[in-house]
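Taking it in order: structure first as structure tokens, then the write-up.
We count ligands from 1, going down the list as the structure has it; atoms in each ligand are counted the same way.
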Amino acid sequence: MISRRGLIGAGAGLLVAGCDRMNAAPEVRGTLEELGGLHKRAQRLLGRHALAREYGVGAMSPVFRANGNTEAGDPVWRQHLAEGFSRWALQVGGLVHRPLALPLSALQAMPQRTQITRHDCVEGWSAIGQWQGPRLGPILAAAGLLPAARYAVFHCADDFGGDPYYESIDLIEAFHPQTILAWRMNGAPLRPEHGAPLRLRVERQLGYKQAKYVMRIELRETLAGLYGGKGGYWEDAAGYQWYAGI
Ligand SMILES: Nc1nc2c(c(=O)[nH]1)N[C@H]1C(S)=C(S)[C@@H](COP(=O)(O)O)O[C@H]1N2
Ligand SMILES: [Mo]
């Protein structure tokens, strides 16, 4: 004999299963995303772990053009370039327990990730290239994030007319497995025009987020009060989207 409680339990289970299926249905998801203008946000949360497509070596572009600045004006960077970046170190600071200074050799000695991905520039060109470097997430974890930290800001050595290039991502993107600090491209150390000695690769987003000439990473609670306040050079200068999803 089936007990009353058993029936109720089974009914509740069916209801829950039904709800899950409904939430997964595209029409329902679409409605949820539209509510409160949360489309972008919801889409992103659903795809929080989604990976950018990776390619085989055969798909690599024979030519990967350089775009934006192809060198940095900062005299400190120029000195490091002349020294082969042997005394250069990446600074990690802001809202962290332990600020870090990581020489290139330290970044090269960490576990490495290699990925072949497609870079899409808003100016209308794409190229498939291979990138290698340590994941950003474990580096931030080593620095120890303070509870208020919400954004990682990348301070670069170059500028446009005196306005420094910078970019920022949130912690979901920072800890994504394909988010790396690349010091190697297409099997050779990063060339100056591609952002030597170190650049960000944040593979689910457009070209302008891929900050070159990264000198310092700053953990912040807010992007307000930093340069134009929109989280990146192009976001400030031309109103480009901060979340530049492909
Ligand atoms: N520091 C810095 N990072 C930058 C830029 C730049 O001018 N300075 N240009 C951005 C743009 S618009 C693109 S498309 C890519 C170009 O990278 P590439 O030169 O390796 O092709 O870098 C991005 N990161
Ligand atoms: Mo770009």
Side-chain angles (χ1 to χ4, degrees), residues 52-55 59-81 85 88-92 104 107 113-133 136 151-169 173-174 178-218 223 226-228 230-246:
R53 177 164 176 200
E54 292 191 22
Y55 298 79
M60 286 165 62
S61 302
V63 176
F64 196 118
R65 68 177 264 193
N67 201 42
N69 281 325
T70 50
E71 58 178 6
D74 176 7
V76 174
W77 180 87
R78 301 190 83 87
Q79 182 64 32
H80 284 303
L81 174 68
F85 298 104
W88 174 94
L90 171 71
Q91 310 293 320
V92 182
L104 210 45
L107 294 164
R113 187 179 157 90
T114 304
Q115 55 205 25
I116 300 175
T117 53
R118 197 186 67 206
H119 175 111
D120 292 320
C121 174
V122 285
E123 290 166 35
W125 60 274
S126 299
I128 295 176
Q130 184 187 56
W131 305 97
Q132 183 192 315
L136 176 61
Y151 300 97
V153 175
F154 303 84
H155 293 280
C156 306
D158 60 321
D159 65 272
F160 287 100
D163 292 331
Y165 202 94
Y166 78 105
E167 259 303 339
S168 62
I169 58 177
E173 217 66 15
Q178 290 171 316
T179 300
I180 66 172
L181 295 175
W183 59 272
R184 208 169 158 80
M185 174 191 185
N186 292 352
L190 200 57
R191 296 173 59 87
E193 63 268 34
H194 291 293
L198 196 72
R199 81 176 305 166
L200 174 65
R201 290 302 309 178
V202 51
E203 304 292 359
R204 304 190 295 182
Q205 298 195 50
L206 291 168
Y208 61 89
K209 299 297 288 190
Q210 323 296 326
K212 308 196 279 189
Y213 315 111
V214 175
M215 302 288 273
R216 181 164 65 93
I217 300 176
E218 180 194 7
L223 300 172
L226 178 65
Y227 303 116
K230 299 211 173 74
Y233 172 79
W234 284 114
E235 290 87 332
D236 289 339
Y240 285 8
Q241 290 290 311
W242 176 76
Y243 190 82
I246 291 176

Once you restrict both partners to nitrogen or oxygen, which atoms of ligand 1 have a protein partner under 3.5 Å, and how far apart are they?
unit_1, atom_1, unit_2, atom_2, d
ligand 1, 1 (N), Asp158, OD1, 2.7
ligand 1, 1 (N), Asp158, OD2, 3.2
ligand 1, 1 (N), Lys212, O, 3.0
ligand 1, 3 (N), Lys212, N, 2.9
ligand 1, 7 (O), Asn69, N, 2.9
ligand 1, 8 (N), Asp158, OD2, 2.6
ligand 1, 17 (O), Arg199, NH2, 3.1
ligand 1, 19 (O), Asn67, N, 2.8
ligand 1, 19 (O), Asn67, O, 3.4
ligand 1, 19 (O), Lys212, NZ, 2.6
ligand 1, 20 (O), His194, ND1, 2.7
ligand 1, 20 (O), Arg199, NH1, 2.7
ligand 1, 21 (O), Arg65, O, 2.7
ligand 1, 22 (O), Arg199, NH2, 3.3
ligand 1, 24 (N), Gln210, O, 3.0

Nearest 0.5 angstrom please: Tyr55 OH to Arg118 CZ, how far? 4.5 Å

Salt bridge (charged side-chain N to carboxylate O under 4.0 Å, His left out) pairs touching residues 237-246, sequence neighbours excluded, are none

Enumerate the residue pairs fulfilling salt bridge (charged side-chain N to carboxylate O under 4.0 Å, His left out) with a member in residues 192-203, sequence neighbours excluded, ordered by first and then second residue. Arg191-Glu193, Arg201-Glu203

Would you mind reporting whether Val76 and Trp88 have side-chain heavy atoms less than 4.5 Å apart? no

Quick test of your reading: applying salt bridge (charged side-chain N to carboxylate O under 4.0 Å, His left out), list the pairs with at least one residue in residues 63-75, sequence neighbours left out, ordered by first then second residue. Glu71-Arg78

Are Glu173 and Lys209 packed together at the side-chain level, in the sense that at least one heavy-atom pair is separated by less than 4.5 angstrom? no

